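Computed from a predicted model, the values in this text were never measured in an experiment. We use all heavy atoms of the structure for the numbers below, so side chains are in, but hydrogens, waters and symmetry mates are not. Naming convention: chains lettered A, B, ... in sequence-line order (proteins, then strands); numbering from 1 in each chain.
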Amino acid sequence: MTTDGGNGAGSIAIRDTLSGKRSSPSGQGSDTVSIYLCGVTVYDDAHIGHARTIITFDVLRRHLEYRGIRATMVQNFTDVDDKIIARARDEGVQASELGERYIKRYHEEFERLNVLRADSYPRATEHIQDIIGFITNLIEKGAAYVAKNGVYFAVSEFAQYGKLSGKKTDQLRSGARIEIDEAKRDPLDFALWKFDAGDPSWDSPWGAGRPGWHIECSAMSTKYLGDCIDVHGGGRDLIFPHHENEIAQSETRTGRMFARIWMHVGMVTIGGEKMSKSLGNIRSVGRALEDWGPNVIRLFCLSGHYSKPVDYSDENLRESLARWRQIEACHYELMHATRGAGGGGGGGPGDAGAAGRLADAVVRFDAALDDDLNTHLAVSALMDVVSDANALAAGGALDPGWAADAGAELSRMSRTLGLRVPDMDPAEAAAVDSEVEARNGLRRQGRYEEADAARDRLRELHVELFDRRDKTVWVKREKIGADAKN
RNA sequence: GGUAAGGUGGCAGAACGGUCAUGCGUGGGCCUGCAAAGCCUAUACAAGGGGGUUCGACUCCCUCUCUUACCUCCA
């Protein structure tokens with residue numbers, strides 16, 4: 001039973017980690033949404049786990065915009081951090097130079113993944129004054145204190161600490177894992193500012209140093225999106241302590257709810273285990289792009305519900321590849337049919353049903369995304385259109401009008417998922433057409449060796465041919481590394 | 001130990017209190033000069049164990065068990 005009226009935009013619901021309930025990102029009647037996504041720490045290459053989180057939010061954003069809601073998206077780069085400093089020292093470069101390198105690479109890779117640019121990508125190092133201001137507020141409120149080695153947030157001052165992750169402070173204190181630090185009043189207190197006059201360091205009212213990890217997100221999200229964000233998210237592993245700490249800082253400062261919806265994306269696993277540096281099972285985005293290309297990676301990342309883990313296995317990737325091949329071929333199938341290449345019996349009795357099935361699939365696609373961004377079901381709905389088109393084509397009943405409609409819908413659904421069929425300019429298409437024509441002439445004359453040679457030539461251009469009863473359909477394939485290896 | 005999310009056919013993975021998607025895989029057929037892709041068709045004892053609620057549960061409740069994640073940096 002839907003609680004709201006269900007008119008387009010208002011019907012989108014996302015499950016909030018904190019309350020466990022679904023609610024609309026756009027609130028009541030608003031047509032804009034603010035989204036803050038915790039991005040990457042720039043000391044190494046991005047991996048598939050990063051990709052999954054970012055692609056999930058990318059689809060959320062695309063779907064919101066399709067529903068007429070303008071999303072303002074802010075995604076940070078953490079460019080000051082102990083690991084960056086250590087890595088820079090090892091390589092003998094400046095921390096800023098290292099960060100710059102990985103930020104550049106990030107943009108290149110995620111552009112290839114067809115991820116829309118965020119409205120801004122704030123960096124911690126460019127917001128030191130905002131961070132200092134934020135910390136000053138917290139000290140004024142009595143929620144932060146200056147110690148020997150830094151400025152700390154006093155967890156005891158925030159009564160609701162633990163509400164996001166479902167943890168109780170005394171349980172956390174009794175856990176043996178917490179680092180004992182004499183300087184802290186409470187082992188749960190976390191650093192807002194670390195004193196260290198080393199390489200990357202900035203002056204502050206309390207002493208030279210650098211910000212702690214969590215404060216940058218509170219400061220920057222507030223600066224760009226205000227005190228209360230509509231959707232705040234990241235990977236599940238950020239729930240504690242990162243997001244918990246952000247809530248503590250921000251809500252202490254404003255006395256208001258920090259984020260209306262917390263959205264957390266499940267981990268990418270390798271053989272059932274979380275991908276992590278310590279296990280040495282990291283798969284980089286760069287490598288994945290080489291092996292599988294952007295569309296397969298996206299389909300893989302969207303193959304299950306975002307909140308659940310997904311296993312980066314060869315089998316799963318192959319399945320995504322098979323799906324992609326079908327979608328790709330279908331785009332061409334519909335394009336050819338639309339160009340009126342006499343498909344035979346248009347307007348048969350089955351066509352009326354086809355229009356209904358198409359409309360139904362589109363409704364299911366959008367409804368799936370409305371319902372807590374169920375990309376798995378959305379992909380299924382898209383695949384229903386693909387197989388319907390294939391069935392009609394195989395039966396010689398692909399009516400050009402239907403093909404045009406289906407092609408438009410398929411493109412639109414693909415766009416929402418961020419899938420992109422390789423571009424082909426008309427001149428190239430015409431060239432392929434005439435090659436195919438020539439080959440069919442050879443086939444009619446029984447000159448099969450020459451015809452096969454023509455087919456091979458086209459294959460080198462990644463054009464694949466399907467000879468049907470009455471015509472030859474061709475598809476321009478995306479080059480995929482893993483294909484070549486097998 | 002605490003917290004959270006899960007255990008669905010050979011694999012992946014949904015929905016739903018009553019008819020158990022879909023994809024991959026597998027068998028057969030069609031189409032093709034051959035091929036590829038696709039189509040048609042068939043295929044599966046499917047729900048970790050045990051209780052309970054119900055006319056009826058995979059779906060709700062309890063319990064046990066297993067898995068994973070988080071409790072330390074992590075998307």
Nearest-nucleotide comparison on RNA chain B, the residue closer to the 5′ end among A:Leu377 and A:Gly234
A:Leu377
Atom CE of A:Met383 to atom C1' of B:A37: distance rounded to whole Å?
13 Å
Out of B:C70, B:A37, B:U22, which has the shortest distance to the side chain of A:Glu464?
B:A37
Tell me which nucleotide, if any, is Watson-Crick or G-U wobble paired with B:C58 when both distances must be under 3.5 Å.
none
How is A:Val268 classified with respect to the nucleic acid when contacts are heavy atoms under 4.0 Å: base, sugar-phosphate, or nothing?
base
The side chain of A:Arg439 is closest to which nucleotide in this list: B:C34, B:U22, B:G2?
B:C34
With hydrogens left out and only the distance checked, is there a donor-acceptor pair under 3.5 Å joining A:Asp452's side chain and the base of B:G33?
yes
With a non-hydrogen cut-off below 4.0 angstrom, is A:Lys308 in contact with a base, only sugar-phosphate, or nothing?
sugar-phosphate
In terms of heavy-atom contacts, A:Leu465 and A:Thr472 come closest through CB-CG2, 4.2 Å
Can you tell me the distance, in whole Å, between the NZ atom of A:Lys168 and the P atom of B:G1?
17 Å
May I ask you to say what A:Gly49 touches in the nucleic acid, namely base, sugar-phosphate or nothing, with a heavy-atom cut-off under 4.0 Å?
base
Given that both distances must come in under 3.5 Å, which nucleotide forms a Watson-Crick or G-U wobble pair with B:C70?
B:G2
How is A:Ser276 classified with respect to the nucleic acid when contacts are heavy atoms under 4.0 Å: base, sugar-phosphate, or nothing?
nothing
Measure CE/A:Met267 against P/B:C70 and give the value in whole Å, please.
7 Å
Using a 4.0 Å heavy-atom cut-off, does A:Phe240 contact any base of the nucleic acid, only the sugar-phosphate backbone, or nothing at all?
sugar-phosphate
Indicate, with a heavy-atom threshold strictly under 4.0 Å, whether A:Arg87 touches base, sugar-phosphate, or nothing.
nothing
Separation of A:Leu18 atom CG from B:A4 atom P, in whole Å?
13 Å
Would you please confirm or rule out a distance under 4.0 Å between OP1 or OP2 of B:C70 and any side-chain N or O of A:Lys274?
yes
Do A:Tyr448 and the base of B:G33 stack face to face, with centres under 5.5 Å apart and an angle between planes under 30°?
yes
Should B:U43 form a Watson-Crick or G-U wobble pair with both distances under 3.5 Å, which nucleotide is its partner?
B:G25
For A:Leu238, which contact category applies under a 4.0 Å heavy-atom criterion: base, sugar-phosphate, or nothing?
sugar-phosphate
Every protein N/O within reach of nucleotides 38-44 of chain B N/O, cut-off under 3.5 Å:
| unit_1 | atom_1 | unit_2 | atom_2 | d |
| --- | --- | --- | --- | --- |
| B:G38 | O3' | A:Asn390 | ND2 | 3.4 |

Of the listed nucleotides (B:C71, B:G33, B:A14), which one gets closest to any side-chain atom of A:Arg443?
B:G33
Please state the P separation for the pair B:C11 and B:A47 - nearest whole angstrom.
12 Å
Applying a 4.0 Å non-hydrogen cut-off, can you work out what A:Leu37 is touching in the nucleic acid: base, sugar-phosphate, or nothing?
nothing
Using only modelled atom types and a 3.5 angstrom limit, is any donor from either the side chain of A:Asn316 or the base of B:C11 paired with an acceptor on the other?
no
What about A:Arg173, does its side chain sit under 3.5 Å from the base of B:C71 through a donor-acceptor pair?
no
Under 4.0 Å, counting only non-hydrogen atoms across every strand here, what does A:Arg52 touch: a base, just sugar-phosphate, or nothing?
nothing
Expressed as a whole number of angstroms, how long is the span from A:Asp467:CG to B:A37:P?
13 Å
Which is true for A:Ser307 with a 4.0 Å heavy-atom rule: it touches a base, it touches only sugar-phosphate, or it touches nothing?
nothing
Base B:A75 to side chain A:His47, donor-acceptor N/O within 3.5 Å cut-off:
yes
With sugar-phosphate meaning primed atoms plus P, OP1 and OP2, does A:Glu319 contact a base, only sugar-phosphate, or nothing at under 4.0 Å between heavy atoms?
base
Only pairs with both distances under 3.5 Å count, Watson-Crick or wobble alike; so what is the partner of B:U32 in this structure?
none
Describe the nucleic acid contact of A:Gly39 in one word from base, sugar-phosphate, nothing, applying a heavy-atom distance below 4.0 Å.
sugar-phosphate
A:Asn374 side chain near B:A15 phosphate (N/O to OP1/OP2, under 4.0 Å)
yes
Is the distance between the ring centroids of A:His243 and A:His264 less than 6.0 Å?
yes
